[in-house]
Protein chains: 2
Amino acid sequence: MSDPKTDTGRPRRKNMRAAEREKLIVEEAVRFFAESGFEGQTRELAKRMGVSHAVIYRHFDSKDALIERVYDHVYLKRWNPEWEQLILDRDRPLQERLTQFYVAYAERVFDYDWVRLFVSSGLKSYGLTERYLDIIRTRIIEPAAQELRESRGGPEAPPPSDTPPAEEVELFWGLHGAVFYIAIRKYVYNIPLEINVEATVRATVANFFEGVLHGTRQTNRQEF
Amino acid sequence: MSDPKTDTGRPRRKNMRAAEREKLIVEEAVRFFAESGFEGQTRELAKRMGVSHAVIYRHFDSKDALIERVYDHVYLKRWNPEWEQLILDRDRPLQERLTQFYVAYAERVFDYDWVRLFVSSGLKSYGLTERYLDIIRTRIIEPAAQELRESRGGPEAPPPSDTPPAEEVELFWGLHGAVFYIAIRKYVYNIPLEINVEATVRATVANFFEGVLHGTRQTNRQEF
DNA sequence: TAGATAAGTGACCAATCGGTCATTTGTGTT
DNA sequence: AACACAAATGACCGATTGGTCACTTATCTA
């Protein structure tokens, strides 16, 4: 039908350069493991690429080694270091900074592959999710909590300390959960969401700050 | 050492009545699948009970049949129908109702087995999580959203309709996510939480209502 | 164009999986 | 104590698993 030379689709069964093949395997593996979980078979993964499963073992020592590469590819590349400065930028109101952060975060991370692989690896407890959430905690949650504590307390507020305020930290984890749960509903629970994600994120952050700024601090909080 | 008749521990290797054995299998399977995921082997499950894995197949037609029973045992028994009336009880402020609900909900459901099995089955998409979240939506989220819409709107507010207000519904999903994410952090991501869960739930609900009641409705919301 | 080298194949392996079955062992009944 | 039946066993089956290897095929280079 079509001349393989002019066929714009994937080159059929031709040999590929090692680097190119590896990249292709990792990309296909990301999607595959996101769908099937890590117990998905290498043979089926290979079949998707139209090659024998032995090819995978030419390029990766083991299935676990491939999974490691999948992690790298999916997680590490999606963290934007600028977010860390954004949270601390006192030229803008804290609410504005967090709105921008969560809108950008959702844009990057609310994705079938990312969310499912993250939750899957959480259940397997390879220690990977713990490391990632450490970044969220130390770079986003705790700085934001510190900013809030310093900004909203009057002159009589306790002086800022090195240890982040536990009460505010938990509230920000609540905000984080409210936002991320959107992705969980969509990609883990398969709930069809017809909502505008960005608008929902904005509204969630806005509602959070309305509570946090206008609320009375004295009630319902003493038990932390 | 101890007379097997008076030994309060598990009876060693003795035959059990069918009903008793089935119950024991299901209970052990709950814990086992929560730890290992549904790909855990029946042989290892049997080994935990000190029996051969053929025993499982005497009492259950297949592994899938056992998993079905595990679902029943874990999910259906933990829903309290009184919660549905609680949300609609206009003798009390809506915030109080939701606080009571989420404190009770967390008490029942924030549990290693429950949370991990729920997320696992979500990833497998057996349709089970969808059914469960339908209950949450129709019995809790949408009624609460309706209550809020009717309570906070002044006389000029639009008349209540049969279809729940989408804007409020999404906000309440945010509250639900903020609360449930506590359990996800603890049991899926293995983050050690030293917090008082009940106090955190109360604070989360309180902060949510401070935002929802004191906030200005006009800003940041028009895009839903 | 011929040889060298890298890429890909398919058969194979040992371990593991869900599931079955003839047989043995325990237990309530008479 | 003897019988009948239920419970449990362990060997076995066929399919599937991650992984290997000798061999074939494609591509680059001289």
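A, B, ... follow the sequence lines: proteins, then strands. Residue 1 opens every chain.
- Minimum heavy-atom separation, I87(B) to R97(B): O-NH1, 2.6 Å.
- What separates CZ of F60(B) from P of dA7(D) is a distance of 13 Å, to the nearest Å.
- With rounding to the nearest 0.5 Å, the separation of NE2 in H73(B) from CZ in R78(B) is 8.5 Å.
- The base of dG19(D) does not come close enough to the side chain of R58(A) for any donor and acceptor atom to sit less than 3.5 Å apart.
- Heavy atoms only, all atoms of each residue included: V70(A) and V26(A) are closest at CG2-O, 4.4 Å.
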Derivation and outcome, ring-ring contact (aromatic ring centres under 6.0 Å, His included), residues F208(B) and F172(B)
CA-CA 9 Å; F208(B) 174 81; F172(B) 274 104; 5.1 Å; yes

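- Atom P of nucleotide dT16(C) and atom NZ of K63(A) are separated by 15 Å, given to the nearest angstrom.
- Counting only heavy atoms from C-beta on, S62(A) has its side chain closest to dG19(D) among dT9(C), dG19(D), dT25(C).
- For H53(A) against dG19(D), a side-chain N or O and a base N or O form a donor-acceptor pair under 3.5 Å.
- Taking only side-chain nitrogens and oxygens, Y57(A) comes nearer than 4.0 Å to OP1 or OP2 of dG19(D).
- One can place CD of E20(B) at 17 Å from P of dA6(D), the figure rounded to the nearest angstrom.
- Relative ring orientation between F33(B) and F38(B) is described as tilted, the plane-to-plane angle lying within the 30° to 60° band.
- Put simply, CD1 on I67(A) is 11 Å from C1' on dG18(D), counting in whole angstrom units.
- What separates NZ of K14(A) from P of dC28(D) is a distance of 10 Å, to the nearest Å.
- Among the heavy atoms of the strands lying under 4.0 Å from R43(A) is at least one base atom, whether or not backbone atoms are also near.
- In this structure, CG of L45(A) is placed 18 Å from P of dT16(D), rounded to the nearest angstrom.
- If you take NZ of K47(B) and C1' of dG10(D), they are 15 Å apart, rounded to a whole angstrom.
- Taking atom CD1 of I56(A) as the reference point, atom P of dG10(C) lies 15 Å away to the nearest angstrom.
- The phosphate of dA7(C) (OP1 or OP2) has no side-chain N or O of H59(A) nearer than 4.0 angstrom.
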Please, what dot-bracket string fits DNA chain D when only Watson-Crick and G-U pairs with both distances under 3.5 Å count, crossing ones use [ ] and pairs to another strand use |?
||||||||||||||||||||||||||||||

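- When the nearest nucleotides of DNA chain D are assigned to A54(B) and G40(A) by heavy-atom distance, the more 5′-ward of the two goes with A54(B).
- Heavy atoms of S52(B) sit under 4.0 angstrom from at least one base atom.
- The CZ atom of R43(A) lies 10.5 Å from the NZ atom of K47(A); values are rounded to the nearest 0.5 Å.
- Nearer to the 5' terminus of DNA chain D, by closest-nucleotide assignment, is the contact made by T42(A) (compared with the other of R17(A) and T42(A)).
- Under the 30°/60° scheme for interplanar angles, the aromatic rings of W114(B) and F118(B) are found to lie parallel.
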